[in-house]
There are 2 protein chains.
Amino acid sequence: MNETATRRRSEQAWSEHAEARISEAGLKRSVPRRKVIELLAGQDCAVTALQLDAELDGVGRATVYRAIEQLEDLGLIQRVDLGGSAHGYERLEPSGHHHHHIVCDDCGKVEPFEDEALEDAIHDIHRKGFKVETHEVTLHGHCQDCH
Amino acid sequence: MNETATRRRSEQAWSEHAEARISEAGLKRSVPRRKVIELLAGQDCAVTALQLDAELDGVGRATVYRAIEQLEDLGLIQRVDLGGSAHGYERLEPSGHHHHHIVCDDCGKVEPFEDEALEDAIHDIHRKGFKVETHEVTLHGHCQDCH
DNA sequence: ATCAAATTGAGAATGGTTCTCATTTACTAT
DNA sequence: ATAGTAAATGAGAACCATTCTCAATTTGAT
Ligand SMILES: [Zn+2]
Ligand SMILES: [Zn+2]
Ligand SMILES: [Zn+2]
Ligand SMILES: [Zn+2]
């Protein structure tokens with residue numbers, strides 16, 4: 001199985017997973033929210049609310065923001081800060097598999113990366129009185145074009 | 001030397017360091033910007049632009065934002081995303097010593113933490129085409145009051 | 001088909017940040 | 001000290017992202 005096929009399967013799994021969690025939470029399966037979920041499912045990295053809104057015809061802006069809030073509360077997407085003015089959102093795989101980001105503070109370029117040792121170090125962190133659920137790591141610096 | 005005295009010395013060092021970098025950059029030593037620097041120097045963790053503005057009499061809001069931008073460009077403060085709507089800023093010690101954050105996604109409580117193994121893992125990450133300068137780690141979860 | 005509750009979209013309102021511009025301030029060279 | 005120049009400032013307007021309001025619609029259960 002090639003990489004594209006793997007991703008497609010994962011997108012579909014997430015999208016179904018998301019719909020299921022939505023129902024379990026006692027929420028309805030509405031068309032506009034489904035559109036938001038489908039669009040998020042197709043993204044490999046973070047997108048902003050306004051980007052989603054721009055892509056979605058027939059879905060009000062408020063609905064996009066509401067869907068994002070619900071998905072975030074259900075742990076289906078995660079908000080990430082990539083340096084700009086707006087926040088980005090990307091899906092959280094049920095498997096826990098995820099990436100982090102390295103961003104160029106000059107041009108804003110963002111690259112995802114994965115690092116097993118980093119994950120291990122993070123999972124070893126325990127804080128009394130806190131139950132850790134997710135984490136976010138961002139490396140800041142300058143890319144080749146901007147150094 | 002007790003902890004309070006250590007912090008006080010570090011604040012002063014940072015504040016002088018910041019003034020020096022400002023001058024080196026060809027910027028003037030103005031009174032309003034110095035007030036912003038002094039206020040930032042006294043904070044142990046992130047504060048927002050609006051919080052700074054509220055504390056500072058006789059300093060215009062635009063000046064606060066401008067000072068933040070300059071200090072950030074000079075690598076004297078770092079922007080951190082602590083979950084809310086506004087961004088936080090905290091000073092970067094010349095020594096490199098710093099902390100990261102654990103935040104409760106329910107009530108918004110923020111606690112700083114330090115972890116040597118985490119720092120090691122981060123410093124081992126290298127990405128071709130990127131010169132990493134700073135990093136940010138945020139753990140998300142729920143605090144005791146909100147679990 | 002009926003009903004209650006959830007959901008929606010349009011637009012207003014808010015919050016945070018940046019911009020504009022006339023005036024003031026800080027440094028440099030006389 | 002004085003004058004000249006560029007940086008810096010504050011007030012407010014403008015701007016962008018996000019949240020709120022509310023009447024109308026859609027959904028899922030009965
Ligand atoms: Zn990503
Ligand atoms: Zn991770
Ligand atoms: Zn902090
Ligand atoms: Zn660190």
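Convention: sequence-line order gives letters A, B, ...; per-chain numbering from 1.
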Could you give the start and end, 5' to 3', of the contact zone on DNA chain D for chain A, using atoms under 4.0 Å from its heavy atoms?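 So the contact region on DNA chain D extends D:dA17 to D:dG28.
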Please round to 10 degrees the angle between the axis of the first five pairs and the axis of the last five pairs in the helix from C:dA1-D:dT30 to C:dT30-D:dA1.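 It works out to 40° between the end axes.
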Let me know the distance between [atom1] of [X] and [atom2] of [N], rounded to the nearest Å.
X	N	atom1	atom2	answer
B:K28	C:dT23	NZ	C1'	13 Å
A:L50	C:dG16	CG	P	18 Å
A:D53	C:dA10	CG	C1'	12 Å
A:K35	C:dG9	NZ	C1'	12 Å
A:D73	C:dA6	CG	P	16 Å
B:E24	C:dC27	CD	P	15 Å
B:R79	C:dG16	CZ	C1'	12 Å

Can you run down the salt bridge (charged side-chain N to carboxylate O under 4.0 Å, His left out) pairs that involve residues 43-71 of chain A, sequence neighbours left out, and say none if there aren't any?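 Those involving residues 43-71 of chain A are A:R7-A:D44, A:D53-A:R61.
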Pair A:H99 and A:H97, ring centroids less than 6.0 Å apart: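 No, too far apart.
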Phosphate contact (C:dT25 OP1 or OP2) by B:S30 side-chain N/O below 4.0 Å: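 No, outside the criterion.
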NA contact type, B:R29, heavy-atom cut-off 4.0 Å: base, sugar-phosphate, or nothing?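 Sugar-phosphate, backbone atoms only, no base.
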Just call it for B:G26: base, sugar-phosphate, or nothing, with non-hydrogen atoms closer than 4.0 Å on any strand.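 Nothing, no heavy atom under 4.0 Å.
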Tell me whether the side-chain N or O atoms of A:R66 pair up with the base of C:dG9 as donor and acceptor below 3.5 Å, since no angle test is needed here.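 Counting by modelled atom types and ignoring angles, a donor-acceptor contact under 3.5 Å is found here.
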Check against salt bridge (Lys or Arg N to Asp or Glu O under 4.0 Å), A:E38 and A:K35: CA-CA 5 Å; A:E38 289 309 322; A:K35 284 186 185 173; over 6 Å; no
